Amino acid sequence: MSNQELSEMLFDIADMLEIDDVQWEPRAYRKAALSIATLPVDVKQLYEKGKLTEIDGVGKSIAGSIEEYIKTGSMKKYKDLKKKYPIDFASFRKIQGMGPKRAYALYKKLKVRDLDDLRKAIEDNKVRELEGFGEKSEEQLKHNIESFSKVKEERKMLGYVIDYLESLVEKLKESGFFERVEVAGSSRRMKETVGDFDILAVSGKSEAGMDFFTKMKEVKETIVKGSTKTSVKLDIGLNCDLRVVESRSFGAAMQYFTGNKSHNVKLRKIAISKGLKLNEYGLFKGGKPIAGTTEESVYNSLGMDLMEPELREDTGEVEAAQSHSLPEIVRYDEIQGDLHSHTTNSDGTNSIEEMIEAARRMGHKYIAITEHSKSLPVAKGLDDKRFEELFKKINKLNEKSEIKVLKGVELEILKDGSLDLDGSTLGKMDIVIGALHQWTKGQDKKTLTNRVLKAIESGKITTIAHPTGRMIGKREAFDMDYQKIFESCSKNDVFLEIDGFPDRSDLPFDMVKEAKSYGVRFTLGSDSHSIGHLRFIRMATAIARRGWLEKDNVINTLSYKEILKLKR
DNA sequence: GCCGTTTTCGGCCCGACTGTTTTCAGTCG
């Protein structure tokens with residue numbers, strides 16, 4: 001049984017209860033289903049520890065159902081409902097405009113149970129004859145079936161699409177139809193992956209502005225179009241919402257459309273508890289607006305400090321804002337350089353000179369060149385001799401260059417936890433990044449953990465590269481005892497890396513926050529393999545901010561000289 | 001069915017858009 005499977009079952013139950021017009025329960029089941037779908041650990045593990053009800057939205061009853069399912073392989077509540085409604089809700093959920101009520105209407109009148117049945121019914125023009133449907137609904141369903149998997153499932157890594165989004169905003173600004181245009185949504189929170197874009201605008205001529213928007217060359221098709229809200233599908237495969245609000249509501253709208261959802265729900269509840277009403281138009285007292293022009297006015301009127309968008313994930317920031325104890329998170333402009341990059345010397349595609357020049361143009365004060373070591377032959381890893389040669393070259397470059405180059409390595413942590421290079425060469429390096437790339441599959445949790453601990457305790461490494469090894473959408477994180485690793489890093493003053501390469505985004509932000517609580521410090525790296533990758537330092541910084549890191553927690557805020565002084 | 005700075009009972013976010021209605025239900029975010 002996977003979390004995914006269980007989550008789908010709970011969503012199914014929610015859908016079926018909704019058909020029965022049951023009040024509130026569908027909401028409860030959906031909440032539980034969503035929590036489980038996004039849970040970082042296996043539900044079964046939680047069950048074994050007796051911690052099911054610690055899952056957000058899971059209480060006694062749903063926990064009982066989960067237990068029943070784990071023990072017997074079936075769930076009575078689900079089975080009974082499914083007998084009444086033998087419908088493939090999971091597939092229908094992926095189709096826009098197809099909710100449970102419509103699914104049931106189609107089943108009741110046309111015996112439509114799954115996608116194939118639905119396709120056929122549409123083919124025979126049967127759907128348009130149903131009450132509540134019409135020709136247009138039928139056509140839309142037909143269209144949405146064709147593109148269903150792409151519309152809802154696809155998420156993009158923000159690091160790859162943020163420049164595109166910003167250029168889109170720039171074009172809207174330059175169009176002359178808008179007085180203000182800003183990015184909102186998960187992109188503003190700098191979430192690692194995004195499912196759509198939200199753009200917010202102020203306009204005195206919104207009809208014309210919406211026309212301009214839907215006719216942009218990036219727009220593939222228009223999904224809905226109104227004077228305050230327009231949704232389109234972009235050529236990169238993401239949907240984009242553009243909302244136009246009044247200037248006096250702009251702050252409230254930015255707040256609302258930045259989210260995330262549970263952050264917003266919490267805010268609204270706080271508003272209600274103070275006898276106020278919060279929506280995207282403002283904060284109201286008995287119908288009279290008391291805040292909303294700026295985000296700050298909204299938060300302040302709710303008795304809270306304003307917080308950076310990256311913090312708004314409902315992981316304690318609401319409470320911290322209420323008690324005026326928000327962290328002063330590291331700023332993008334406090335990052336002085338990049339601490340992880342590769343050149344043609346190993347598996348990069350640009351020369352060291354090209355990388356340095358590109359880093360200088362970005363305003364970096366320094367860049368660490370951290371080639372792979374010899375036991376990673378696929379990446380043309382370097383041995384001691386080649387490192388010595390490279391460092392001679394770097395010393396020369398450093399003499400005349402305004403931007404400084406740190407001598408480093410991304411060093412293989414070998415199968416038994418020993419290191420790929422010996423002490424004498426390592427001693428000449430400014431930064432040593434220990435990394436797991438190989439022999440991880442066959443090793444169990446304890447072996448893998450000890451392997452990393454041995455490297456940390458060796459006294460020879462500065463930081464641990466992309467600590468969990470995860471690749472978004474491709475590879476799970478290593479199964480390790482991370483608490484032990486955090487403890488050991490803190491004790492031995494070994495840093496953890498935040499790798500900003502979008503596929504990695506590693507450490508993930510929630511673990512950054514946890515590691516910080518152990519007193520761990522962090523290095524940020526773009527893990528560049530070409531000059532085009534250098535921009536990913538911004539994504540690493542975003543993760544640091546989302547993980548509540550302050551200036552002192554981040555090594556990249558130090559100057560070149562200060563970094564050289566760090567002892568190892 | 002869940003949950004707790006309105007707390008163990010009684011609420012549970014709320015507004016926009018669409019298509020089908022002729023005042024609204026369904027869906028979405």
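Quick note on labels: first sequence line is chain A, next is B, and so on, each numbered from 1. Nothing here was measured: the structure is a model prediction, and the numbers come from that model. The analysis underlying the following values was restricted to heavy atoms, covering all of them including side chains, and did not include hydrogens, waters or symmetry mates.
Between B/dT6 and A/Lys269, no contact under 4.0 Å exists linking OP1 or OP2 to a side-chain N or O. For B/dG15, the OP1/OP2 oxygens have a side-chain nitrogen or oxygen of A/Asn279 closer than 4.0 Å.
Side-chain contact, A/Tyr47 with A/Asp42: no donor N or O sits under 3.5 Å from an acceptor N or O. Checked by atom type, the side-chain pair A/Asp314/A/His263 shows no donor-acceptor distance below 3.5 Å. Between the side chains of A/His143 and A/Gln96, no donor-acceptor pair is found at a separation under 3.5 Å.
Which of B/dG1, B/dC14, B/dC3 sits closest to the side chain of A/Asp56 comes down to B/dC3. With distances taken from any side-chain atom of A/Ile272 to the nucleotides B/dG1, B/dC14, B/dT27, the minimum falls on B/dC14. Distance from the side chain of A/Ala28 is smallest for B/dC2 among the nucleotides B/dC14, B/dC2, B/dG29.
Within the 4.0 angstrom heavy-atom criterion, no nucleotide atom of any strand lies near A/Pro26. Counting non-hydrogen atoms under 4.0 angstrom, A/Tyr104 reaches nothing in the nucleic acid. When heavy atoms are screened at a 4.0 angstrom cut-off, A/Lys31 is found touching no nucleic acid atom at all. Contact annotation for A/Lys77: backbone-only contact, meaning every heavy-atom pair under 4.0 Å involves sugar-phosphate atoms and none involves a base.
Comparing B/dC12 with B/dG19, their C1' atoms are spaced 29 Å from each other, to the whole Å. Look at the P atom in both B/dT6 and B/dC2: the space between them is 22 Å, to the nearest Å. B/dG15 and B/dT20 are spaced 26 Å apart, taking the P atom of each and rounding to whole Å. Nucleotides B/dG1 and B/dT8 have their C1' atoms positioned 14 Å apart, rounded to a whole Å. To the nearest whole angstrom, the two P atoms, one in B/dT18 and one in B/dG10, are 41 Å apart. Here the separation of B/dG11 from B/dC17, taken at their P atoms, is 31 Å to the nearest Å.
With sequence neighbours left out, the salt bridge (Lys or Arg N to Asp or Glu O under 4.0 Å) criterion links A/Arg188 to A/Glu295.
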Q) When every nucleotide of nucleotides 17-22 of chain B is labelled 5' to 3' by its protein contacts under 4.0 Å (heavy atoms), B for base, S for sugar-phosphate only, - for none, what sequence of letters results? A) SSSS--
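With a cut-off of 3.5 Å on both pairing distances, B/dT8 has no Watson-Crick or G-U wobble partner at all.
Closest-nucleotide positions on DNA chain B for A/Val58 and A/Leu278 were compared, and the one nearer the 5' end corresponds to A/Val58. Two residues, A/Ser273 and A/Arg243, neighbour DNA chain B, and the one matched to the more 5' nucleotide by heavy-atom proximity is A/Ser273.
Rounded to an integer number of Å, the gap from CG of A/Asn264 to C1' of B/dC12 is 16 Å.
Taking the six-membered ring for Trp and the full ring otherwise, A/Tyr29 and A/Phe11 have centroids separated by 6.0 Å or more.
Residues in residues 203-214 of chain A take part in these side-chain hydrogen bond (donor to acceptor under 3.5 Å, both in side chains) pairs, two or more places apart or across chains: A/Asp211-A/Lys225.
To the nearest 0.5 Å, the span separating CZ on A/Phe89 from CG on A/Asp15 amounts to 6.0 Å. The CG atom of A/Leu200 sits 8.5 Å away from atom CD of A/Glu182, with the distance rounded to the nearest 0.5 Å.
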